[in-house]
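First up is the structure itself, then whatever we jot down about it.
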Amino acid sequence: MELSACIFDLDGVIVDTAKFHFDAWNRMAELFGGSLTHTQNEELKGVSRMASLEFILERNNIQKTQEEKNALAAQKNEWYLDMIKNIGKDELLPGVELFLESLKKKNIKIGLGSASRNATTILKTIGIDHFFEVFIDGNSVKKSKPHPEVFLKGAAGLSVEPSRCIVFEDSEKGVKAANTGGFIPIGIGLEENLPEARLVYPGFQNLTLEMILQDLDNIS
């Protein structure tokens, strides 16, 4: 296949900030006398902040006005930002930076496709934003994954066809979005959590683009 670009989700793919989201949402659930399980947290991966809040409220049988929901979502974000304010390259998942460097050397375009409204800021804080040509985050889209808007906007910004673009995702909703948009979804994580991904790898450590392309050829 002819590959033109790669689009990356952020949390759980590039950086290990998913744990901070979990801690912040669990703290929110505890406000209502509940808690957030790790299984439930899987359902929140790739989901917008407001949709995640709706999930928390629904499971705790809590009713709030839109104004109250806006305030709660802002509170969660404050907690999250406080947790990540000193984030550094040690939060990068193993092998990610080397993989990005290899894509650049091969002239493969690179984009960000994340539901997080803080995604671009995190990349800049860590110091790897220079690898990316396009930044599509929660501030850029109206529809959450599994709608493919975030990836379609990324492909448009990179001027590539979805069929020639790999999407790296760690969430089931993100993989569904990639499939719906006509992209090549590559899962990062556990196979049982990403059954609809074309291929699944545990991470980027010791992973090369050549290996991925060869594996794709073998299953085509």
Option among His21, Arg27, Lys85 that satisfies the side chain to side chain donor-acceptor pair (under 3.5 Å) test with Tyr80: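 In the set His21, Arg27, Lys85, the residue that makes a side chain to side chain donor-acceptor pair (under 3.5 Å) with Tyr80 is His21.
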Verify same cluster id: [X], [Y] (apolar side-chain graph, 4.5 Å):
X: Ile219; Y: Phe183; answer: no
X: Leu100; Y: Ile188; answer: yes
X: Leu152; Y: Leu10; answer: no
X: Leu207; Y: Leu98; answer: no
X: Trp25; Y: Leu31; answer: yes

Around atom [atom1] of [X], are there more than 12 heavy atoms from other residues, nucleotides or ligands closer than 6.0 Å?
X: Gln66; atom1: CD; value: yes
X: Glu67; atom1: CD; value: no
X: Glu2; atom1: CD; value: no
X: Glu161; atom1: CD; value: no

Looking at every non-hydrogen atom in both residues, tell me the closest pair between [X] and [Y] and how far apart they are.
X: Leu209; Y: Lys106; result: CD2-CD, 3.8 Å
X: Asn179; Y: Glu196; result: ND2-O, 3.0 Å
X: Leu112; Y: Ile7; result: C-CG2, 4.0 Å
X: Gly187; Y: Leu194; result: CA-CD1, 3.7 Å
X: Leu199; Y: Ile212; result: CD1-O, 3.9 Å
X: Lys109; Y: Leu158; result: NZ-O, 2.7 Å

Contact check, side chains of [X] and [Y], non-hydrogen atoms, under 4.5 Å:
X: Ile14; Y: Ile126; answer: no
X: Leu57; Y: Lys69; answer: yes
X: Glu97; Y: Phe204; answer: no
X: Phe32; Y: Leu72; answer: yes
X: Met211; Y: Gln214; answer: no

How long is the span from the [atom1] atom in [X] to the [atom2] atom in [Y], to the nearest 0.5 Å?
X: Asn70; Y: Arg49; atom1: CG; atom2: CZ; result: 10.5 Å
X: Asp16; Y: Leu93; atom1: CG; atom2: CG; result: 5.5 Å
X: Ile84; Y: Trp79; atom1: CD1; atom2: CH2; result: 15.5 Å
X: Glu149; Y: Ile136; atom1: CD; atom2: CD1; result: 9.0 Å
X: Phe132; Y: Leu103; atom1: CZ; atom2: CG; result: 9.5 Å
X: Ser48; Y: Lys143; atom1: OG; atom2: NZ; result: 13.5 Å

Determine, step by step, whether Ile56 and Lys76 satisfy the side chain to side chain contact (heavy atoms under 4.5 Å, CB included) criterion, reporting the C-alpha distance in whole Å, the side-chain angles of both residues, the deciding distance to 0.1 Å, and the verdict. CA-CA 12 Å; Ile56 299 290; Lys76 181 269 175 181; over 6 Å; no
Side chain to side chain contact (heavy atoms under 4.5 Å, CB included), that's the test. Do Met50 and Leu53 meet it? Break it down for me. CA-CA 5 Å; Met50 192 56 70; Leu53 176 62; 4.0 Å; yes
Output every pair passing side-chain hydrogen bond (donor to acceptor under 3.5 Å, both in side chains) with a member in residues 112-130, not counting sequence neighbours, ordered by first then second residue.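 Those involving residues 112-130 are Asn77-Asn118, Arg117-Asn139, Thr120-Asp137.
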Taking it one step at a time, do Phe168 and Phe99 satisfy ring-ring contact (aromatic ring centres under 6.0 Å, His included)? CA-CA 12 Å; Phe168 291 101; Phe99 192 82; 5.6 Å; yes
Mind running side chain to side chain contact (heavy atoms under 4.5 Å, CB included) on Leu44 and Phe22 for me, showing each step along the way? CA-CA 9 Å; Leu44 299 186; Phe22 173 77; over 6 Å; no
Audit row: Lys104, Glu101, side chain to side chain contact (heavy atoms under 4.5 Å, CB included) steps and yes/no: CA-CA 5 Å; Lys104 277 294 184 183; Glu101 288 174 353; 5.7 Å; no
Looking at Thr17 and Phe20, would you say the former's side chain and the latter's main chain have a donor-acceptor pair under 3.5 Å?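 Checked: no pair found.
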